[in-house]
J.: 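I have a structure here, written as structure tokens, and I will follow up with some questions on it.
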Amino acid sequence: RGLVFVFFLAVFGAILTVAKPVIIQRLIDRAVTPDGEVSAVHRFAQLHLFGLALLVVSLATMGVDTVRQYSTHIVNVKLTHRLRQRLFDHILRLPLARISEFKTGGIISRLSGDVDSSIGLVQTALLSPAVATMQAAMALGIFLYWNWRLALEAIAIVPPLMLLQLIWVRRIRPIYR
């Protein structure tokens, strides 16, 4: 349940993040460089309106991100506790002869290090890719709406960049290990 809440917060944060460039574009098009004869009073009102909208969206983004980070931390703590408890219960059910084979440091390492490293998997493997995919899809939609020709050219650049990134990661990974 907590992970679903974190996911929805991440989705809402992604929507707010994508909304900022749209507001800035509207601000520039309608208040800074308007088409036709627009009075200075109207331009000034538009500037205030879009400036206020940008401020509200920026504050909302920070608020949503703060709540999301806090909720993610809570979910991670609960998951860590649950995993450690299950591992500890499993160790307690093992026969005494089997437990005596373990080194104390090995048991402690399992209870702390392995559980902590598996918790990062929630953020890295589930939440981050999903949010990044949604942000990319929303940005692509806005891009196609604004200028479909330029969007198609940008899309054409993506496969070669992905190929270069894949080649780079394969060369760097052995060095990193």
Side-chain angles (χ1 to χ4, degrees), residues 1-79 117-177:
R1 191 171 49 152
L3 194 58
V4 172
F5 179 67
V6 168
F7 180 73
F8 281 120
L9 283 174
V11 169
F12 189 59
I15 291 169
L16 289 173
T17 300
V18 172
K20 285 181 198 176
V22 174
I23 294 171
I24 292 170
Q25 183 258 342
R26 302 282 184 194
L27 183 137
I28 291 171
D29 286 350
R30 294 188 181 169
V32 178
T33 58
D35 292 335
E37 294 295 321
V38 180
S39 69
V41 173
H42 182 69
R43 288 175 55 192
F44 197 63
Q46 290 286 317
L47 183 65
H48 276 86
L49 177 70
F50 287 112
L52 182 63
L54 188 60
L55 178 67
V56 168
V57 168
S58 295
L59 290 174
T61 302
M62 288 189 293
V64 167
D65 284 345
T66 301
V67 172
R68 182 183 57 83
Q69 287 174 354
Y70 176 75
S71 299
T72 302
H73 179 71
I74 296 298
V75 167
N76 285 345
V77 167
K78 287 180 180 179
L79 189 58
S117 63
S118 66
I119 295 304
L121 192 66
V122 172
Q123 180 73 22
T124 306
L126 296 176
L127 202 55
S128 294
V131 171
T133 302
M134 274 189 309
Q135 274 184 325
M138 287 186 284
L140 180 63
I142 291 170
F143 208 25
L144 284 168
Y145 174 74
W146 278 345
N147 188 340
W148 66 271
R149 288 182 211 116
L150 191 59
L152 291 178
E153 290 174 13
I155 292 170
I157 294 173
V158 170
L161 289 176
M162 289 176 66
L163 181 65
L164 284 173
Q165 191 266 347
L166 183 63
I167 292 168
W168 181 256
V169 166
R170 284 190 179 164
R171 293 181 87 189
I172 293 295
R173 189 171 288 148
I175 297 170
Y176 178 71
R177 288 182 186 169

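Treat the numbers as computed from the prediction; the structure is a model and nothing was measured.
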J.: Which distance, rounded to the nearest 0.5 Å, do you find between the CD1 of I155 and the CG of L150?
T.: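 Separation between the atoms: 10.0 Å.
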J.: How long is the straight-line distance from CE of M162 back to CD1 of I157, given to the nearest 0.5 Å?
T.: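 Result: 14.0 Å between the selected atoms.
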J.: Please check if the number of heavy atoms outside F12 that lie under 6.0 Å from its CZ is greater than 12.
T.: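 Not more than 12 within 6.0 Å, no.
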J.: Quick one: CG on L166 to CG on L161, what's the gap to the nearest 0.5 Å?
T.: 12.5 Å
J.: For V18 and A139, work out which heavy atoms get closest and say how close.
T.: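 Distance-wise, the nearest heavy atoms are CG1-N, 4.4 Å.
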J.: Shortest non-hydrogen contact from I23 to A53?
T.: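 So the minimum-distance heavy-atom pair works out to CD1-O, 4.0 Å.
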J.: As an exercise, state the distance from CG of L52 to CG of L27, rounded to the nearest 0.5 Å.
T.: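 L52 atom CG to L27 atom CG measures 11.5 Å (nearest 0.5 Å).
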J.: Which atoms form the tightest heavy-atom contact between S71 and V6, and what is the distance?
T.: CB-CG2, 3.5 Å
J.: I need the minimum non-hydrogen distance between L9 and V64, along with the two atoms involved.
T.: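 Taking L9 first and V64 second, the nearest heavy atoms are O-CG1, 3.3 Å.
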J.: Which pair of heavy atoms, one from V22 and one from W146, lies closest together, and at what distance?
T.: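 Of all heavy-atom pairs spanning V22 and W146, the closest is CA-CZ2, 3.9 Å.
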J.: To the nearest 0.5 Å, how far apart are CD in Q69 and NE2 in H73?
T.: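 Spacing of CD (Q69) from NE2 (H73) equals 11.0 Å.
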J.: Within a 6.0 Å radius of atom NZ on K78, are there more than 12 heavy atoms belonging to other residues, nucleotides or ligands?
T.: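 No - once you tally the heavy atoms of other residues, nucleotides and ligands closer than 6.0 Å, there are 12 at most.
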J.: Just do the side chain to side chain contact (heavy atoms under 4.5 Å, CB included) check on R68 and T72 with the steps written out, would you?
T.: CA-CA 6 Å; R68 182 183 57 83; T72 302; 4.1 Å; yes
J.: Using the side chain to side chain contact (heavy atoms under 4.5 Å, CB included) criterion, which residues pair with I167? Sequence neighbours excluded.
T.: L163, R171
J.: Any idea which heavy atoms bring R43 and A31 closest together, and the distance?
T.: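 In this case the closest contact between R43 and A31 is NE-O, 3.2 Å.
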